[in-house]
Amino acid sequence: MSAAERQEVKAVAKWVHASPRKARLVVEHIRGRSVPEARTVLAFTQRAAARDVAKVLSSAVANAEANHNLVGDELIVAAAYVDEGPVLKRWRARARGRAARIQKPTCHITIKLVEPERAPEPPPPAKEEKVAETKAEAPKKKDASKRKTPAKKEATT
């Protein structure tokens, strides 16, 4: 299969309430892995963004199975990236009538899945006649049975 024939399936989650930097740390763990392996990694990742990334991954697998008739467990995460979304600005009251700005970042998570490349099977090797090795060419092996251990000398006192 050439690169043009490979089907690419993607899923995007927009305006996820997570910091893009924190979500990128999670996404780096699954890039290039198979879908079952990526699910396992996300299940045992303790970061909160892992749940959002797992949802996007399962959505991409569902898209592949429903729209492209692909087997979800045979796919590979070809690309996974996180873009910055809009930042929600909020204010908090502080001492002496002042206000402190609170920024709540959002992000857009994108995951792309592709089928793994299958290498074409090589043709069976041609039958070659085995050349009989002569004794000169054959490596010399020492026989364990021919080895003699030196006889122990009895000490007389």
* Asked: Hey, does E74 have a side-chain heavy atom less than 4.5 Å from the side chain of E115?
  -> no
* To do: For Q103 and V87, work out which heavy atoms get closest and say how close.
  => CB-CG1, 3.7 Å
* Please check if I30 and L70 belong to a single hydrophobic cluster, counting links between Ile, Leu, Val, Met, Phe, Trp and Tyr side chain heavy atoms closer than 4.5 Å. => yes
* Nearest 0.5 Å, what's the CG-CG distance between D52 and L57? -> 12.5 Å
* **Sequence-distant partners of H29, ring pair (Phe, Tyr, Trp, His ring centres under 6.0 Å), two or more places apart** => none
* Asked: For the residue pair A49 and V26, what are the closest heavy atoms and their distance?
  -> CB-CG2, 4.0 Å
* Asked: Between S19 and P105, is there a donor-acceptor pair closer than 3.5 Å when you use the side chain of the first and the backbone of the second?
  -> no
* Asked: So which heavy atom on A80 is nearest to which on V27, and how close?
  -> O-CG1, 3.1 Å
* Do I76 and V56 belong together in a cluster built from hydrophobic side chains that touch within less than 4.5 Å? -> no
* R47, CZ: over 12 other non-hydrogen atoms inside 6.0 angstrom -> no
* To do: Please determine which of I111, L113, V71 meets the side-chain contact (heavy atoms from CB on, under 4.5 Å) test together with V35.
  => L113
* Structure fact -> Between the NE2 atom in H108 and the CD atom in E84, the distance rounded to the nearest 0.5 Å is 9.5 Å
* **Heavy-atom closest pair, residues A38 and V77** => CB-CG2, 4.3 Å
* Are side-chain heavy atoms of H17 and L88 found at a separation under 4.5 Å? -> yes
* Structure fact -> Rounded to the nearest 0.5 Å, the OG1 atom of T45 sits from the CG atom of L25 at a distance of 10.5 Å
* Minimum-distance pair of heavy atoms, taken over all atoms of V82 and C107 -> CG1-CB, 3.7 Å
* With no hydrogens and no angle check, is any side-chain donor or acceptor of R92 less than 3.5 Å from a backbone partner on A100? -> no
* **Beyond-backbone contact of N67 with V9, side-chain heavy atoms, under 4.5 angstrom** => no
* Reported NZ-to-OG1 distance for the pair K14 and T106, which is rounded to 0.5 angstrom -> 11.0 Å
* Asked: Are R39 and D73 within salt-bridge range, i.e. N to O under 4.0 Å?
  -> yes
* To the nearest 0.5 angstrom, please state how far the OH atom of Y81 sits from the OG1 atom of T110. => 4.0 Å
* Structure fact -> All heavy atoms of A11 vs all of S59, minimum pair found to be CB-OG, 3.8 Å
